[in-house]
There are 2 protein chains.
Amino acid sequence: MSREAKVPVTIVDVARKAGVSTATVSRVLHKSPKVDATTRARVQEALEELGYSPNIPARSLVTKRTRTVGLVITTIADPFFADIVRGVEDVAIENDYGVILCDSNADPEREMATIRLFQEKRVDGIIVASSRVGDLYLGLLEKTKVPVVLVNNEKTGAYVYSIGTDDVAGGEMATEYLIRLGHRRIGYIAGLADAKSNHDRLTGYRQALRKHGLPFDSSFLAPGNARPDGGLSGMNQLLTNCPSLTAVFCYNDLTAIGALKALRIAGKSVPDLVSVMGYDDLLFAAYSEPPLTTIEQRKYDLGAIAMRMLLDLQSGVESVSNNVLEPRLVIRESCSPAKS
Amino acid sequence: MSREAKVPVTIVDVARKAGVSTATVSRVLHKSPKVDATTRARVQEALEELGYSPNIPARSLVTKRTRTVGLVITTIADPFFADIVRGVEDVAIENDYGVILCDSNADPEREMATIRLFQEKRVDGIIVASSRVGDLYLGLLEKTKVPVVLVNNEKTGAYVYSIGTDDVAGGEMATEYLIRLGHRRIGYIAGLADAKSNHDRLTGYRQALRKHGLPFDSSFLAPGNARPDGGLSGMNQLLTNCPSLTAVFCYNDLTAIGALKALRIAGKSVPDLVSVMGYDDLLFAAYSEPPLTTIEQRKYDLGAIAMRMLLDLQSGVESVSNNVLEPRLVIRESCSPAKS
DNA sequence: ATGAAAGCGCTAACAC
DNA sequence: GTGTTAGCGCTTTCAT
C-alpha cells in the first residue's frame, strides 16, 4: 500500500511547471481575457497534469467571500423542510456554493451555536427556514452583517429579506373549501403556537368563517405541535370537547396523519363522519388512507428562491425584499360533503 | 439607520487593545496554559468588548484543517436519510464542526460536482450515505486523500471506513417472522437495483427461505425504487403475476406505503389477505393504515457514529474500520398469521 | 500580456 | 510568559 505523501499542489507549483508567474495562473483560473492564448494553453496543461484544485479557504482570505451559505431549519425530520433544503442545495451547487446545514430543533442554545458557527466560517449569507425565530436569535442575525433571508417568516430588520407562502390565503382556502362542502362545525388543530405560519393559517380560518357568517368558537381549536403525535392528541381533544364537529383543518400534513389515526381509533370513518384537511402536500399525502386533501406549498421553490435571493444580494442586485408564493388546493379523498 | 461600516475585528485589533502581541491573543484563544492570569483576563476583556469572532478560513490556511466535513446522501426527501443527517449534525456541532450537505440524487454528474466542491473547500473528512456509489465516484473519493466513511455501504479501498446496519440479518429477520406466521408464498419488492442494502436484504430473504426449506421463486420478486410509487407498481406486478402470495417484504417503509396503497386499490385487505413488512421504521410507520410491522434501523446512530469515526480518524485514533449495527423487528399490525 | 510584491488573518516555531 | 517573525495559498494593484 503505497500511500503517497500528501502534497497538495498549489498555484506556485502550477506556475513553475508552466514557466509563468502565479498571477498569470490566477488569471487563467478566473478566465481573465487578458492572457495570451498560448500561455493560457500552457497553464491549462499544467493545471490538468498536476491535478490542481483551488484552495477555497485561502482564496477566501483575500476575497472575503467563502462561497458558502448557512441554512437553519427547524428540523430535517419534517419532509416539508427537507424539500426546502433540496431547493437551496440545487441552486447552491449550480453556482458552486456550498451550504452548511443546521437544524435548530427550536433549541435556543443550538441556535446560538449555529449563528456563531456561521459567523466564524464567514458564510456569505444565511437562510433561516426555522418556523419560529427567537428575538434573541433575530438580534444576533442582524449583527451578523451578512444578508439573511427568512423563509415562511416575517421580514424583520434592515438586513432581512424573505420568501414565504401566503398562509392566510392558504388557511382561508382550506376552510372555505370545507364550508362549501356544507360543513358548519370545523375544528383547527394548531402547529407550534408561536410560529408565524400557524398564526397565519388560523387567521385564514377565521376569515373564512367570518366571510360565510359562521361563528368562531374557540373550543373548536386544539393545540398541536406540527407532528403526528400532536395531531393525534389534538384530534382526541376535539373529539371529546366538540363531538359535533364534522370537519377539521390541520396545521400541516404531519398533524393530519395523526388526526387520521385518532379518528380511526375512535371508529369515526373519514371522510364519511369527519372530513380532514391537511397542509403542505407532502409526498405521503397521496398515500395515506384516505389520501389527504390538502393545501400545496411550493416547498422546493421556497428554498430555491431563497438561495437565488441570496445570490442576487451577493452580487449587489437589490432584489425584492419580500416575496410571497400562492398556495393551491389539492383535492383528494379526505374531505366530503357534510352529511347533515 | 446607521449601518455601521463593516469592519471585522481581527486578532491584531484585540492585541493592540489588550496591549499584547497577536501570539498571546492566539494563545488565550486556544486556552494555552502558558499565559499569565492577569494577561489572560485583559485579553478576554478585549475579546469581549470588540466582539471578536475568529476567522476560520484564515486559521485553516495555516492549520490545514477546516473543521468542516462533507456529507453526501442519496436524497434528503427520504426520511431515512434525514435521520442520518440529524445524527451527523448533532455530533458535528457538539465538536464545533460544520457539515456541508449534498444530495446526489444518484446523479453521477452531481456526485462529481459534489466531490470537487468538497475538495476545494478542503473538508476534513467525507461521509457518504448514498446507497449506491458509482465506481468512478469511489475512485475519486480515494484520491481525495481525506478520511471517508461510508454509511450502509461497502468498505472499499485503503482510505475508507464504514458503518452500517446488518441488512442480511434484517432481511432474514423480516422474512423469518413472516414464515413463522405461516406464510409460504412471500414476495419481495426491491429497492434500487444496485444498492448494497437492497442486495443484502434480498440475500437475507433467500437465506430465511432456504433455512426453512421453502423454495425460492424469482417470480415473487418485483422491482421497486425505494419510493412509494415503486412500491405501488411493484405490488401491482406481484398481484397479477402471483395472485397466490400471502405476504410481501418491502425494501423499505416508503416502498411499503406504496404497496399498501396498491393493495387497498385492489381491495385486498391488509393484513387479512396479505401481510406487508416494511424496513427502516420511519416516523410515519406507526401512523399508516394499518400501522406497519417493520425492521428498525438505528438511523440516527448511523449518522452519529459515522461522524464520531471521522473525528477519531482526525485525531489519529485508529478506529474500527467496519462497524455494524443490529436491526430490530418492530411488530405492529400489518402482518398476521397466514389464513390458509 | 505578464511579473513582482504586498497582504488577507492567523498559528507556530523560535527567541528572549 | 511573551514577543518576533515567517509563512499558509491566493488575489490584486502596480509596474513594466
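These values consider heavy atoms only, across backbone and side chains, with no hydrogens, waters or symmetry-generated copies. Here is how names work: the chains are called A, B, and so on, in the same order as the sequence lines, proteins then strands, and each is numbered from 1. Computed from a predicted structure; not experimentally measured.
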Quiz item: Does the side chain of B:N322 pick up a donor-acceptor pair with the side chain of B:S162 at under 3.5 Å?
Solution: yes
Quiz item: Taking OP1 and OP2 of C:dT11, is either one under 4.0 Å from a side-chain nitrogen or oxygen of B:R59?
Solution: yes
Exercise. Provide, to the nearest angstrom, the distance between the CZ atom belonging to A:R122 and the P atom belonging to C:dC8.
Key: 14 Å
Quiz item: Base, sugar-phosphate, or nothing: which does B:P54 touch, judged by heavy atoms less than 4.0 Å apart?
Solution: sugar-phosphate
Exercise. Rounded off to whole Å, could you give me the NZ-to-C1' distance for the B:K121 and D:dC10 pair?
Key: 15 Å
Practice problem: When you get a sec, tell me which of C:dT2, D:dT2, D:dC10 is the closest nucleotide to the side chain of B:V35? | Solution: D:dT2
Quiz item: Is there a donor in the side chain of B:R122 and an acceptor in the side chain of A:S53, or the other way round, less than 3.5 Å apart?
Solution: yes
Self-check item: Atom-pair distance (CG on B:N55; P on C:dC8), nearest Å
Solution: 12 Å
Quiz item: CD of B:E120 versus P of D:dG9: gap in Å, rounded?
Solution: 16 Å
Quiz item: With the threshold set at 4.0 Å, does a side-chain nitrogen-carboxylate oxygen contact exist between B:D90 and A:R110?
Solution: yes
Self-check item: Under 3.5 Å donor-acceptor, B:D103 side chain and B:N105 backbone
Solution: no
Quiz item: Roughly how many Å is it from CZ in A:R16 to P in D:dC10, rounded to a whole number?
Solution: 13 Å
Under 3.5 Å, N/O pairs linking protein and nucleotides 12-16 of chain D:
none

Quiz prompt | First of B:L61 and B:G19 reached from the 5' end of DNA chain D, by closest nucleotide | solution = B:G19
Quiz item: What pair of heavy atoms forms the shortest contact from A:A15 to A:V25, and how long is it?
Solution: CA-CG2, 3.6 Å
Quiz item: Looking at A:S21, does any N or O in its side chain come under 4.0 Å of the phosphate oxygens OP1/OP2 on C:dG3?
Solution: yes
Exercise. Classify the nucleic acid contact of B:T39 as base, sugar-phosphate or nothing, counting any heavy atom under 4.0 Å across all strands shown.
Key: sugar-phosphate
Exercise. Round to a whole Å and report the spacing from NZ of B:K34 to P of C:dC14.
Key: 13 Å
Exercise. Consider only side-chain N and O atoms of B:K121 and B:T68, and report whether a donor and an acceptor are under 3.5 Å apart.
Key: no
Practice problem: For A:L29 and D:dT11, give me the distance from atom CG to atom P, rounded to whole Å. | Solution: 6 Å
Quiz item: How far does CG of B:L71 sit from CG of A:L101, to the nearest 0.5 angstrom?
Solution: 9.0 Å
Quiz prompt | Separation of atom CD1 in B:I11 from atom C1' in D:dT4, rounded to whole Å | solution = 14 Å
Practice problem: Please check the phosphate of C:dT11 (OP1 and OP2 only) for any side-chain N or O of B:K64 closer than 4.0 Å. | Solution: no
